[in-house]
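Everything below concerns the one structure shown next.
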Amino acid sequence: MSIGLKLFQSLGIDTYQLRDKPKVLNQDHENDWASIESKVATCKKCSLHKGRNNTVFGDGNRSADWFFVGEAPGKDEDLQGKPFVGRAGRLLTEVIFSLGLTRDEVFIANILKCRPPDNRDPKPGEVDQCFSYLEKQIDMVQPKIIIAVGKIAAHSLLGSDLPMGKLRGKIHGFGSNEVPTLVIYHPAYLLRSPSQKHKVWEDLQLANDFLE
Ligand code: SF4
C-alpha cells in the first residue's frame with residue numbers, strides 16, 4: 001500500500017480503486033497528438049512565450065478516464081516542462097493516489113501552456129488564445145470526467161465566475177458534449193488551509209459515485 005493511501009486511511013478517508021479501461025490508440029490518434037504537441041512547443045499566440053523556459057503540454061495516459069485541469073505552469077513546472085510538480089504537485093499526486101490511481105493513469109494539463117510572470121493569474125486574452133489546445137486534448141482523451149483543479153480552471157472551463165464554494169460539490173458539464181466536470185480546491189490552497197482537505201475527498205467520492 002502506498003504512503004498516500006496509508007495516510008488517507010489513517011485520517012479515516014475512503015479510498016477507491018478504478019476499474020481498468022483498455023487503451024485504443026490508432027495511427028491517426030498518434031498523429032493528432034504529435035501535431036498539437038508541435039504546435040504548442042512553437043506557439044507564440046500570446047506574449048507569454050517570451051518569458052517561458054519550456055511549454056507545459058501536459059502528460060499522462062492519453063486514454064484516461066480522469067482528466068485533471070489546472071490553471072497554468074508555475075516556476076517548477078516551467079523549468080521541468082511538466083504540470084503539477086513541486087509541493088502542490090505532490091499533494092495532487094496524493095489526491096490521485098487516494099483514488100487508487102497513479103499519475104500515469106490519469107491525464108493532467110493546464111489551461112495555459114506557458115508560465116505567467118510571477119505566477120500571476122492568467123489574463124482573459126491569454127486564456128482565449130490558449131484554450132483551443134486544451135479543448136483538443138480533452139477531445140482526444142475523451143475522459144469520463146474532468147476535474148477542474150482550482151478557481152481559475154473552473155471558471156475557464158465552465159464559463160462561470162461563481163465562487164468555489166458554489167461550484168464544488170456538484171457535477172457540471174463541459175462543452176457541447178457536456179463532459180461531466182467536477183471542481184475541487186487547488187492543492188496550493190489545501191497546503192495553506194489543510195482543514196479544507198476533507199472537502200476534496202468528499203467531492204472525489206461524488207465523482208467516483210457518478211462514474212459508477
Ligand atoms: S500560453 Fe498558450 S497561447 Fe500563449 S504562447 Fe503559450 S501556448 Fe501559446
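Every number for a ligand or one of its atoms is a count from 1 in the order of the listing.
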### Query
Relative to each other, are the rings of F57 and W33 parallel, tilted or perpendicular (30° and 60° limits)?
perpendicular
Please report, to 0.1 Å, the donor-acceptor pairs under 3.5 Å made by any side chain of residues 174-191, with sequence neighbours excluded.
residue : atom : partner : partner atom : Å
T181    : OG1  : V179    : O            : 2.8
H186    : ND1  : A188    : N            : 3.0

Test side chain to side chain contact (heavy atoms under 4.5 Å, CB included), reference P73, set V85, V56, L79, output is V56
| query | Are W66 and N208 close enough that some pair of their side-chain heavy atoms sits under 4.5 Å apart? | reply | yes
Can you see whether D78 engages N53 through a side-chain donor-acceptor pair at a distance of less than 3.5 angstrom?
yes
- Query: Counting heavy atoms not belonging to K45, are there more than 12 under 6.0 Å from its NZ?
  - Reply: yes
Within a distance under 2.8 Å of atom 6 (Fe) of ligand 1, the protein atoms of type N, O or S are C114 SG
